[in-house]
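Structure, as structure tokens:
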Amino acid sequence: MSEKTGWFQRWLLPGLAFKAVVIGGGYATGRELASYFLPSGPWGGLYAMLLSTVIWSTVCAVTFLFALRTSSQDYRTFFKNLLGRFWPVYEVAYLAALVVILAAFAAAAGAIAQAVFGLPPIAGALALMAMITLVAAWGNDSVERLFKWVSFLLYGTYAVFLTLSLLKFGDRISGAFATQTPSTGWAVGGLTYAGYNIIGAIIILPVTRHLTSRKDAVVAGLLAGPLAMAPAVLFFIVMAGFYPTIQRQVLPSDFLLGQLGLPAFRILFQVMIFAALLESGTGGVHAINERIAHAYQRGDERVFSKPMRLAVTVAILAGSVFVADRVGLVSLIANGYRWLSYVLLAIYVAPLLTYGLWRLSRPRLAAG
């Protein structure tokens, strides 16, 4: 087995890529966790996270299987196989979703620049967009290296964050879990959060080119959920110590870092968040570029060049920065994301778990 098709690329890379897409502006900053999990209390939030993880793993496994059996390594090919002539419905929804998601990332980068460095929010947004442009323009290998190395930084930083927080205010955290009971709304929060983030399974289709068997697809899919949710669980446990006050914070991460009182670690953590925004945004733009590349290329005669990738990336990001500047992080997560969840459940998850599973059960797709 060559290095490019080793166990890391086949089993772990899809999950790390999925994590890279879903962590984004709201998860990394804690804003999504405050919006969808904390309203159910500490225990209810953990139940909701478990539900989201199960949904992610299930849908990712079926998505990877379907992609493998239909040779669908970009979302256009995938949805032509899943929805037939109705595949453009997803394209419209994805473009709208990408603008909303990238706008949330830009808003988060702007909030970090303002909170940590005292810069105008637009400065952080433009810096993020410039770095996404540089990475996305270089294609698959560049994007996959980003997913790999940022993952090491991210998991390590969250582990240190949890350790420092337990040492600093562990009594608050244990007290919150001892006194709070889950509300009855945790299932709605878990379903909604899983619903709009499951688009990540489609965004990362280019990395499924490493899968060689049904076993690879299933293992990679089942691991994707826990790999994506693990940092969120660590973060949420710390956030629970300041429930319900922390729900009102635009940047819960910066609020908690202020409570720790460690300026150097605060900067490191915000660098990690910026890196998470970078990999998430790059993944979303890369999916668009790969979709266009597959449709444009014809053997050696027509190749989707780096300048073309650059032009597409700049056009998408410019629109996203405009939306971010007009709407803001909290509104994007509270309103835009919720509607995305409903749309994606209807045009992707429901068809995949019905018609998609039926197609996978047919001998000509099940073989090989």
Side-chain angles (χ1 to χ4, degrees), residues 8 11-38 42 45-57 60 101 104-105 108-109 112 146-166 173 177 189-190 193-194 196-201 203-204 220 222-243 246 249 251-257 260 265-284 333 337:
F8 180 89
W11 294 351
L12 293 183
L13 183 60
L16 295 179
F18 182 69
K19 175 271 303 168
V21 173
V22 305
I23 190 169
Y27 168 161
T29 63
R31 188 58 252 167
E32 284 179 340
L33 308 187
S35 296
Y36 297 108
F37 299 132
L38 267 181
L46 289 180
Y47 296 159
M49 288 177 140
L50 177 60
L51 175 61
S52 293
T53 303
V54 172
I55 293 172
W56 284 350
S57 290
C60 282
I101 291 169
F105 296 168
I112 291 171
L146 178 71
F147 291 160
K148 177 181 178 180
W149 294 112
V150 171
S151 295
F152 292 136
L153 171 65
L154 187 144
Y155 288 123
T157 303
Y158 273 114
V160 173
F161 177 61
L162 176 63
T163 301
L164 292 174
S165 298
L166 290 174
I173 296 172
F177 282 99
Y193 184 72
Y196 72 79
N197 274 302
I198 198 58
I199 193 175
I203 291 175
I204 66 166
L222 294 180
L223 288 176
L227 284 172
M229 190 60 81
V233 172
L234 300 182
F235 197 178
F236 181 83
I237 290 173
V238 178
M239 290 176 64
F242 294 87
Y243 172 80
I246 199 170
Q249 302 294 321
L251 286 179
S253 59
D254 199 56
F255 172 81
L256 292 173
L257 292 167
L260 278 176
F265 184 73
R266 182 190 183 200
I267 294 175
L268 172 63
F269 194 92
Q270 301 294 14
V271 168
M272 180 276 294
I273 291 179
F274 193 89
L277 296 171
L278 173 61
E279 65 172 357
S280 296
T282 300
I333 290 174
Y337 280 15

Close side-chain approach of Gln270 and Ile273, heavy atoms under 4.5 Å: yes
CE on Met239 to CG on Leu38, rounded to 0.5 Å: 4.5 Å
Student check: side-chain heavy atoms of Phe177 and Tyr243 closer than 4.5 Å: no
Close side-chain approach of Leu268 and Phe265, heavy atoms under 4.5 Å: yes
pair Phe37-Ser52: side-chain heavy atoms closer than 4.5 Å: yes
Distance in Å, Met229 CE paired with Phe236 CZ, rounded so as to fall on 0.5 Å steps: 10.5 Å
List the atom pairs, donor and acceptor, that lie under 3.5 Å between side-chain atoms in residues 153-163 and the rest of the protein, sequence neighbours left out.
residue: Tyr155; atom: OH; partner: Leu227; partner atom: O; Å: 2.7
residue: Thr157; atom: OG1; partner: Leu153; partner atom: O; Å: 2.7
residue: Tyr158; atom: OH; partner: Ala28; partner atom: O; Å: 3.4
residue: Thr163; atom: OG1; partner: Ala159; partner atom: O; Å: 3.0

Note, Val22 side chain near Tyr196 side chain (heavy atom, < 4.5 Å): no
Flag side-chain contact, heavy atom, 4.5 Å: Thr53 against Val233: no
Heavy-atom side-chain proximity of Gln249 to Leu256 below 4.5 angstrom: no
Pairs satisfying side-chain hydrogen bond (donor to acceptor under 3.5 Å, both in side chains), at least one member in residues 11-22, at least two apart: Trp11-Asp216, Lys19-Ser151, Lys19-Glu279
Sub-4.5 Å side-chain heavy-atom contact between Leu146 and Thr282: yes
